[in-house]
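Take a look at the structure set out below.
Below, each value reflects all heavy atoms present in this structure, side chains not excepted, and no hydrogens, waters or symmetry copies. Just so it is clear, the model here is predicted, and its values are computed rather than measured. The chain is numbered in sequence order, starting from 1.
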Amino acid sequence: VRAFRIAREVTGATQRWLEIEGHAATLDHETAWRLLDGVDELVAGVARWYLLHEPNADIDAMIAAGSEAFVTLADAMPRLRSEQWREEHEALVAELVESGVPESVARRHAYQPALLHAADIIAVATSTGADVVAVARTFFDLGERLGLEWLEQEVLALPAATRVQRWAQQALLDDVLDARRVLSQKALEEAGPGADPAAAVEAFLDEREAPRRRLTTVARALRAEGDAGLAGLTLAVRHLRGLAG
């Protein structure tokens, strides 16, 4: 309950829900539920982070520490990643607008999934003293360079029909997310205060060419097979975590 309350307030979910509901009369049911589900998934993901990393956190202190940084990240998100990534998300914005969704709501929904990483980004910014937007650039640049978006999607695509399968899937996803946070923090710490995010990532990966090559080889083999499976993805995550050494 504590984690949910923090996540709801940090993400501004209540306002997000109310705004969608305010337009529900002009939207078809499928589109309205799609938008509401997006907010639900954001809250659930952020709540899980607080449950895992700050289970005994003071609610008011956590909300105060995270809310402003979250708004900063939400506003900056369209500018933080590659041009291809932006084009894909702007295409989703156009699709939703065509379905009658107000542009501001459509744009917020399109970029919302990336904010599942916000709690990790804020934690690294707090730990390193770096600007939260600079941390986000490091975070996403590292993710694109290592193919972490693909890895996360493959984990989410694992069969999860039983309770144990869902546990295994979520545990593996937690490992991927944790590894990204650890690697981003190490890259910034090794680069030093005020380092350019892209340069920090470049230097970090250059220093770890051998483990990076092993991760790339495994990922390439999994892509070629077309069905990574739990065993293959677990191996990939092991090599990903090895980059932190």
May I have all residue pairs that pass side chain to side chain donor-acceptor pair (under 3.5 Å) and include part of residues 126-142, sequence neighbours excluded? S127-Q185
Which residues pass the side chain to side chain contact (heavy atoms under 4.5 Å, CB included) test with H89, sequence neighbours left out? W85, Y111
Quick one: pull up CZ in F70 and CG in D75 and give me the separation to the nearest 0.5 Å. 10.5 Å
Count the heavy atoms belonging to other residues, nucleotides or ligands that lie under 6.0 Å from CZ of R238, then report whether that count exceeds 12. no
What heavy-atom pair brings G242 and P211 nearest, and what distance separates the two atoms? O-CB, 4.5 Å
Do V218 and R214 come within less than 4.5 Å of each other through their side chains, counting heavy atoms only? no
Between R145 and E202, is there a salt bridge with N-O shorter than 4.0 Å? yes
Donor-acceptor pair, R212 side chain versus D206 backbone, under 3.5 Å? no
Thinking salt bridges, do D37 and R34 make one under a 4.0 Å N-O criterion? no
Within a radius of less than 6.0 Å around CD of E103, do more than 12 heavy atoms belonging to other residues, nucleotides or ligands occur? no
Rounded at 0.5 Å granularity, tell me how far CG in L177 sits from CG in L52. 10.0 Å
Got a salt bridge between E190 and R208, using NZ or NE/NH1/NH2 to carboxylate O under 4.0 Å? yes
Decide whether V10 and I59 are clustered together by the hydrophobic rule: side chain heavy atoms of Ile, Leu, Val, Met, Phe, Trp, Tyr closer than 4.5 Å, transitively. yes
Could you check H53, R181, R180 and say which one makes a side chain to side chain donor-acceptor pair (under 3.5 Å) with D120? R181
Answer yes when E154 and R223 have at least one side-chain N-carboxylate O distance shorter than 4.0 Å, and no when they do not. no
Between R86 and E83, is there a salt bridge with N-O shorter than 4.0 Å? yes
Do V135 and I122 share a hydrophobic cluster (ILVMFWY, side-chain heavy atoms under 4.5 Å, transitive)? yes
How would you list all residue pairs meeting side chain to side chain donor-acceptor pair (under 3.5 Å) that involve residues 59-73, not counting sequence neighbours? none
Answer yes or no: are there more than 12 heavy-atom neighbours, outside E209 itself, under 6.0 Å from its atom CD? yes
